[in-house]
Protein chains: 2
Amino acid sequence: MAQKDTVDRILDAAEALFAERGFAETSLRTITSTANVNLAAVNYHFGSKKALIQAVFVRFLEPLADSLTLRLDEAEASAKELSLDDLLVLLSKAILSAHGDDVTRTASFMRLLGLAYTQSQGHLRDYLSERYGRVSTRYVDLLRPACPALTDTDLFWNTHFALGAAVFSLSNYGALEAMLSDDSGEESKIQNVIRRLLAFISAGVKVSL
Amino acid sequence: MAQKDTVDRILDAAEALFAERGFAETSLRTITSTANVNLAAVNYHFGSKKALIQAVFVRFLEPLADSLTLRLDEAEASAKELSLDDLLVLLSKAILSAHGDDVTRTASFMRLLGLAYTQSQGHLRDYLSERYGRVSTRYVDLLRPACPALTDTDLFWNTHFALGAAVFSLSNYGALEAMLSDDSGEESKIQNVIRRLLAFISAGVKVSL
DNA sequence: TACATTTGCAAACGTATGTTTCAAACATCT
DNA sequence: AGATGTTTGAAACATACGTTTGCAAATGTA
């Protein structure tokens with residue numbers, strides 16, 4: 001096989017284009033011509049555009065869910081108490097390492113995650129929460145004992161504030177980086193931004209009303 | 001005039017529908033039939049769909065910018081040093097009061113703001129930053145002396161994390177509130193959530209790397 | 001009243017979209 | 001090699017969209 005499989009080429013093109021322009025704004029014709037693939041291939045391999053969108057998410061989330069599950073297994077096996085910062089670092093490592101430290105892809109996936117939330121795409125939300133609900137609630141359940149001073153309501157809102165900060169800033173990372181004066185150089189590298197983000201979240205989550 | 005002006009009815013419908021479903025996902029036919037107005041009225045009164053989107057934003061942002069400018073004038077006139085919390089409270093009051101404490105509209109506008117960031121190909125972003133750049137940089141300039149321990153880069157990223165937390169959580173407020181067990185009652189009222197959000201942001205913004 | 005301008009409306013236009021069709025090319029297995 | 005099932009390709013289909021048009025109704029102005 002001289003070049004990648006049709007299915008993968010479609011997924012690659014779709015992932016990049018969706019992240020760049022949104023779902024509704026990206027036509028199947030743009031995707032297929034970017035992927036050098038016939039228009040009908042999408043409906044043949046995936047069935048519909050909706051199903052293609054879901055497939056893009058699954059291709060990214062499956063390794064992430066696996067990586068996260070594995071790390072949670074390890075961490076819990078060590079029997080040590082998991083602090084909030086332990087958990088935050090664990091999650092960010094799982095996300096970053098889920099695709100061979102391809103930071104660009106991680107960033108563009110964060111954009112997709114942001115789109116999935118804002119762009120109503122109800123089918124996606126239902127599909128994802130049904131498919132990855134178990135891992136995510138497992139993670140949240142570990143958060144509770146790590147923040148003993150917080151009520152459940154505290155924790156609920158603080159985690160969503162944190163999620164918002166992460167999704168928003170990482171999904172707009174490209175645009176934000178461009179706003180910084182160019183001499184910021186090393187300081188805007190995404191690994192540093194993630195460190196900043198973790199510090200921000202760590203401080204915020206601990207707050208109770 | 002038995003009912004509201006055509007222009008206002010279009011703006012009302014567009015604002016609600018855009019917030020609910022996004023820009024590309026909301027057709028002019030849906031807007032005009034919701035507003036009980038002829039299809040051609042949008043292009044007649046606004047010129048194009050793009051211009052309608054901009055008009056929706058302007059109708060909300062104009063009073064907000066005025067209110068914010070006024071409050072900043074007052075605050076600076078008092079010659080007292082403005083703390084970070086002073087500034088956060090000032091901003092949240094400006095946002096909430098800009099439209100007669102209509103919290104629902106504020107929430108749905110937050111959703112629009114989120115959409116504008118993730119979903120616009122730039123025309124909206126350029127238009128808004130050109131039109132409201134002055135007020136927003138004035139506000140950010142006041143933030144700097146309020147956080148003397150932070151470098152400019154610290155402040156840049158922290159404010160965007162905070163913006164993300166605010167936009168994300170308020171724009172999804174409806175969905176989030178529904179996730180809480182119903183006996184949370186008073187604790188999920190939006191004024192309380194805003195207080196939580198301000199506390200979260202206040203703690204996070206102070207963090208330096 | 002008479003005229004000019006603005007607003008409202010139904011229909012149509014051109015275009016772009018997601019999807020389907022069906023025959024050709026390809027691969028796989030006996 | 002031949003039969004069978006899978007994948008591609010070019011074209012068409014049906015539909016939904018933003019926009020434009022032409023004319024009627026309403027409104028303002030003298």
Side-chain angles (χ1 to χ4, degrees), chain A residues 1-59 112 115-116 119-124 126-127, chain B residues 1-59 112 115-116 119-124 126-127:
Chain A
M1 189 183 316
Q3 51 186 357
K4 278 171 97 175
D5 200 34
T6 302
V7 171
D8 284 321
R9 295 224 306 288
I10 293 175
L11 286 172
D12 288 341
E15 181 175 301
L17 289 168
F18 284 152
E20 189 182 313
R21 315 145 71 130
F23 302 119
E25 296 84 351
T26 306
S27 71
L28 292 187
R29 283 171 175 80
T30 309
I31 294 172
T32 52
S33 73
T34 301
N36 280 319
V37 150
N38 187 270
L39 168 61
V42 167
N43 284 281
Y44 175 75
H45 287 286
F46 298 94
S48 70
K49 188 182 181 181
K50 274 187 185 177
L52 169 62
I53 295 175
Q54 292 180 349
V56 167
F57 274 84
V58 167
R59 184 173 69 146
L112 288 183
L115 289 180
Q119 209 148 327
S120 67
Q121 297 286 347
H123 69 98
L124 230 191
D126 298 345
Y127 180 75
Chain B
M1 188 184 316
Q3 51 186 357
K4 277 171 95 177
D5 202 33
T6 300
V7 170
D8 284 321
R9 295 223 308 286
I10 293 174
L11 286 172
D12 288 341
E15 181 177 299
L17 289 168
F18 284 153
E20 189 183 313
R21 316 145 73 130
F23 303 121
E25 295 83 352
T26 305
S27 71
L28 292 187
R29 285 170 173 82
T30 309
I31 293 172
T32 52
S33 73
T34 301
N36 279 318
V37 151
N38 187 270
L39 169 61
V42 168
N43 284 281
Y44 175 75
H45 286 286
F46 297 94
S48 69
K49 188 182 181 181
K50 272 187 185 176
L52 170 61
I53 295 174
Q54 293 181 348
V56 166
F57 275 83
V58 167
R59 185 174 65 147
L112 287 183
L115 290 179
Q119 190 170 122
S120 83
Q121 293 98 325
H123 78 281
L124 190 57
D126 296 344
Y127 179 75

Q) Can you check the A:Asp8 CG to D:dT7 P distance for me, whole Å? A) 13 Å

Q) Can you check the B:Leu17 CG to D:dC17 P distance for me, whole Å? A) 12 Å

Q) Can you tell me how far C1' of D:dG18 sits from NZ of B:Lys50, to the nearest Å? A) 12 Å

Q) Out of curiosity, A:Phe57 CZ to A:Leu52 CG, how far, rounded to the nearest 0.5 Å? A) 11.0 Å

Q) What is the distance from CZ of A:Arg9 to C1' of D:dG9, rounded to the nearest Å? A) 14 Å

Q | Nucleotide nearest A:Tyr44 when distance is taken to its side chain, options D:dT7, D:dG9, C:dT19 | A | D:dT7

Q: Compare side-chain N and O positions of A:Ser27 against OP1 and OP2 of C:dA16 and report whether any pair is under 4.0 Å apart.
A: no

Q | Residues in side chain to side chain contact (heavy atoms under 4.5 Å, CB included) contact with B:Ser27, at least two apart in sequence or another chain | A | B:Arg29, B:Thr30

Q: Would you tell me if any nitrogen or oxygen in the side chain of B:His45 comes within less than 4.0 Å of OP1 or OP2 on C:dG8?
A: yes

Q.
Among residues at least two apart in sequence or on other chains, which ones pass ring pair (Phe, Tyr, Trp, His ring centres under 6.0 Å) with B:Phe46?
A. none

Q: Figure out the CD1/C1' separation between B:Ile31 and D:dC17, and round it to whole Å.
A: 12 Å

Q: Compare the minimum distances between each of C:dT19, C:dA10, D:dT8 and the side chain of A:Asn38, then state the nucleotide with the smallest one.
A: D:dT8

**Q.** Spatial distance of atom CG (B:Asn36) from atom CD1 (B:Ile10) [nearest 0.5 Å]
**A.** 11.5 Å

Q: For B:Thr26, answer base if it contacts any base atom (sugar-phosphate contacts may also be present), sugar-phosphate if it contacts only those atoms, and nothing otherwise; contact means non-hydrogen atoms under 4.0 Å.
A: sugar-phosphate

Q | Minimum-distance nucleotide (side-chain atoms of B:Leu39 versus D:dT19, D:dA10, D:dA11) | A | D:dT19

Q) Is the shortest side-chain N/O distance from B:Asn43 to OP1 or OP2 of D:dT19 below 4.0 Å? A) yes

Q: Provide, to the nearest angstrom, the distance between the CG atom belonging to A:Asn36 and the C1' atom belonging to D:dG9.
A: 14 Å

Q) For the side chain of A:Arg29, counting heavy atoms from C-beta on, which of D:dA10, D:dT19, C:dT19 is nearest? A) C:dT19

(Q) Using whole Å, what does the distance between atom P of nucleotide D:dA16 and atom CD of B:Glu25 come to? (A) 16 Å

Q. Can a side chain N or O of A:Thr6 be found less than 4.0 Å away from OP1 or OP2 on D:dT7?
A. no

Q.
What's B:Ala41 touching, base or sugar-phosphate or nothing? Going by heavy atoms closer than 4.0 Å.
A. nothing

**Q.** Distance (rounded to the nearest 0.5 Å) between A:Leu28 CG and A:Asn43 CG
**A.** 6.5 Å

Q | Value in whole Å for how far the C1' atom of C:dA11 lies from CG of B:Leu28 | A | 17 Å

